[in-house]
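Reviewing the structure listed below.
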Amino acid sequence: MSDHHHHKETFVTKYIFSQDHKMIAKQYLITGMFMGVIGVFMSMLFRLQLAYPDQSFSIIEAFLGKWGEGGQMTPDMYMGLVTIHGTIMVFFVLTAGLSGTFSNLLIPLQIGARDMASGFLNMISYWLFFLSSLIMFLSIFVHTGMASAGWTIYPPLSALPQAMSGSGLGMTLWLVSMAIFIASSLMGSLNYIVTVLNLRTKGMKMTRLPLTIWAFFITAIIGVISFPVLLSAALLLIFDRSFGTSFFLSDIFIQGEVLHYKGGSPILFEHLFWFLGHPEVYIILLPALGITSEVISTNARKPIFGYRAMIGSIMAIAFLSTIVWGHHMFVTGMNPFLGSVFTFTTLLIAIPSAVKAFNYITTLWRGNLQLNPAMLFSIGMVSTFITGGLTGLILGDSALDINVHDTMFVVAHFHLVMGISALFGMFAGVYHWFPKMYGKMMNKDMGYLHFWLTAISAYGVFFPMHFIGLAGLPRRYYSNSAFPMFDDLLHINKVITVFAIIGGVSQIIFLANFFFSISKGKKASQNPWKGNTLEWTAPVEHMHGNWPGEIPEVHRWAYDYSKTDENGDLWGGQDFTPQSVPIRDGEEEF
């Protein structure tokens with residue numbers, strides 16, 4: 001692999017079918033951003049319906065055609081928008097867009113490797129992701145409507161093509177797209193694991209890895225464990241839909257017709273789905289937490305507090321997340337004793353999560369804070385992680401969860417702790433590593449404006465949503481105007497919608513800044529943030545192979561910021577010491 005930089009690349013091999021991990025990272029990011037625009041736009045459309053259920057909007061008819069005649073969307077279209085919004089944001093933006101981008105960009109650069117263990121497999125992984133994105137995107141335009149069973153695709157809506165319009169071809173395309181997506185994800189995860197284990201440079205012990213790499217590494221492991229279970233569920237669902245089997249369908253009537261299905265159980269599907277579904281929360285969150293660790297330590301100019309405790313908490317979260325899926329199913333008739341077991345294991349996650357939050361705060365404490373956009377988004381991430389995590393205590397307790405199950409409280413909780421937190425982590429990563437990706441700096445002022453509008457909008461949307469959930473307002477209802485007891489909540493829904501539109505529109509600032517900076521941004525220096533990790537020792541100019549000569553050797557951990565000698569003076573007269581600098585005489589490793 002050492003002769004990568006000698007390969008002559010054509011336009012096609014450099015920009016399209018590239019095997020360079022940095023180019024593949026960009027491809028993941030751009031594809032994820034495109035899907036994100038679609039997902040956010042969908043949410044703005046169905047928020048209009050929720051806030052103004054009886055009013056007409058020309059924009060709805062303009063975009064939805066026959067599904068929005070007269071400026072009002074149909075119930076089937078509403079369900080379709082909710083379904084595809086959730087699917088796109090969870091899998092295509094926050095899983096592939098976040099983890100795919102930064103795992104690809106940072107794993108080889110931060111461990112001191114010239115590329116992934118298999119550049120070819122990496123390329124195939126991206127193109128499978130692109131294919132699955134394309135199929136999901138095209139499914140929006142199917143004449144019978146997009147998939148409409150919710151992003152959890154519970155049977156029977158997902159298993160019976162005749163159940164509703166969105167259960168037909170749109171659902172089939174959803175399943176095909178997700179099967180390809182999972183294949184892509186597994187290839188990528190296996191590549192990340194092998195690369196971290198085998199291609200670390202000399203001196204890069206596991207205990208010297210940056211926390212970003214620990215987060216990507218553990219994320220890849222839980223992905224390999226849990227994604228195949230969802231794939232098996234999807235395949236069994238295809239059998240039920242197309243070949244007359246009854247894995248997930250018991251006796252069922254539809255429009256007066258008695259169907260032949262016997263013996264199956266939709267609860268079985270829920271078990272299989274949530275065995276992936278709950279670890280998926282942390283497949284999304286852990287990379288964002290890793291990025292936050294890196295950005296906070298760098299911009300606080302302090303060593304990360306409790307490095308080993310942070311690694312332990314990542315492992316504990318990963319382990320516990322794979323054994324608590326049942327807390328999503330407290331209302332399925334689960335045995336109360338089993339419910340208490342899932343309650344106990346779920347609430348245990350609060351301990352490693354609290355360790356992480358505590359360590360972020362203590363790292364910030366008395367730091368020399370550099371409040372650039374990446375740092376603001378990282379602090380915002382810690383804020384939403386704590387806020388959303390606290391409401392998780394209610395949903396993790398079977399006795400409390402039953403009262404708010406399937407209400408807007410659940411929507412508020414998971415959007416704040418998983419959606420917004422991960423999104424903030426992703427933005428922090430883009431602002432921080434943009435110079436490494438494109439050799440340019442993003443505009444700071446636009447970054448500040450983007451952060452404040454996004455942060456205020458996020459809390460404006462999801463904070464009041466908790467209260468309408470506590471008041472009993474159900475999720476996924478096309479209209480609540482048929483229920484007089486919810487009339488008083490309509491004005492809160494309007495406020496939420498206004499903030500949702502402001503938040504959605506403000507992302508244009510980010511997109512403008514991103515694409516403008518690629519061509520017109522100020523040229524970046526090799527190490528603009530004065531960071532310690534190995535990627536900042538690579539030249540600004542991109543080359544396949546990362547370093548022109550020998551790969552740098554590692555002599556210390558990644559967080560030697562503001563380190564002083566016995567006289568209290570900064571080592572070397574500067575507040576950072578790159579990992580490639582040998583330990584000096586009299587200096588102790590952390």
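When reading the values below, keep in mind they use all heavy atoms of this one structure, side chains included, and skip hydrogens, waters and symmetry mates.
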* Asked: When rounded to the nearest 0.5 angstrom, what distance separates OH in Y154 from CZ in F248?
  -> 12.5 Å
* Asked: If we only count heavy atoms from C-beta on, is the V324 to L348 side-chain gap below 4.5 Å?
  -> no
* To do: For D240 and T245, run side chain to side chain donor-acceptor pair (under 3.5 Å): C-alpha distance rounded to whole Å, both residues' side-chain angles, the deciding distance at 0.1 Å, then the answer.
  => CA-CA 5 Å; D240 277 4; T245 57; 2.6 Å; yes
* Does N480 reach the side chain of L489, with side-chain heavy atoms less than 4.5 Å apart? -> no
* To do: Check whether any side-chain heavy atom of I394 lies under 4.5 Å from a side-chain heavy atom of D401, and answer yes or no.
  => no
* Structure fact -> Residue pairs meeting salt bridge (charged side-chain N to carboxylate O under 4.0 Å, His left out), one or both in residues 461-485, sequence neighbours left out, come to D406-R475
* From CA spacing to verdict: side chain to side chain donor-acceptor pair (under 3.5 Å), S383, Y360 -> CA-CA 10 Å; S383 167; Y360 291 134; over 6 Å; no
* Less than 4.5 Å apart, any side-chain heavy atom of N493 and any of R47? -> yes
* Asked: Looking just at side-chain N and O atoms, do S139 and W174 make a donor-acceptor pair shorter than 3.5 Å?
  -> no
* **Interatomic spacing from CZ in F227 to CD1 in I283 - rounded to 0.5 Å** => 5.0 Å
* Verify the neighbour count for atom CZ of F319: are there more than 12 heavy atoms of other residues, nucleotides or ligands below 6.0 Å? => no
* Asked: Is the closest side-chain donor-acceptor distance between Y459 and T384 under 3.5 Å?
  -> no
* Side-chain donor-acceptor pair under 3.5 Å between Y192 and N104, yes or no? -> yes
* Asked: Does H260 NE2 have over 12 foreign heavy atoms under 6.0 Å away?
  -> yes
* So, Y282 and T322: side-chain donor and acceptor under 3.5 Å apart, yes or no? -> no
* Min side-chain heavy-atom separation P228-L186 under 4.5 Å -> yes
* Y478 vs M79 side-chain heavy atoms within contact, under 4.5 Å -> no
* If the plane angle is over 60° it's perpendicular, under 30° parallel, otherwise tilted; pick one for F467 and F463. => perpendicular
* Does atom NZ of K66 have more than 12 heavy-atom neighbours, drawn from other residues, nucleotides or ligands, at distances under 6.0 Å? -> yes
* Asked: Is the shortest heavy-atom distance from the side chain of F34 to the side chain of I30 under 4.5 Å?
  -> no
* **Distance in Å, S353 OG paired with L289 CG, rounded so as to fall on 0.5 Å steps** => 8.0 Å
* To do: Using side-chain hydrogen bond (donor to acceptor under 3.5 Å, both in side chains) as the criterion, point out the one residue from H278, H271, H405, E270 that pairs with H328.
  => H278
* Structure fact -> When every non-hydrogen atom of L50 is compared with those of Y477, the smallest separation belongs to CD2-O, 3.5 Å
* Decide whether Q49 and S479 meet the rule of one side-chain donor and one side-chain acceptor closer than 3.5 Å. => no
* To do: Would you indicate whether the side-chain heavy atoms of K356 and I314 approach each other to under 4.5 Å?
  => yes
* **Parallel, tilted or perpendicular: rings of Y28 and F129 (30°, 60°)** => parallel
* Will you find, in the side chains of S167 and Q162, an N or O donor that is under 3.5 Å from an N or O acceptor? -> no
* Spacing of L423 atom CG and I284 atom CD1 [to the nearest 0.5 Å] -> 10.5 Å
* Asked: Can you name the closest pair of heavy atoms from T31 and S133 and give their distance?
  -> CG2-OG, 3.9 Å
* Side-chain donor-acceptor pair under 3.5 Å between N191 and S118, yes or no? -> no
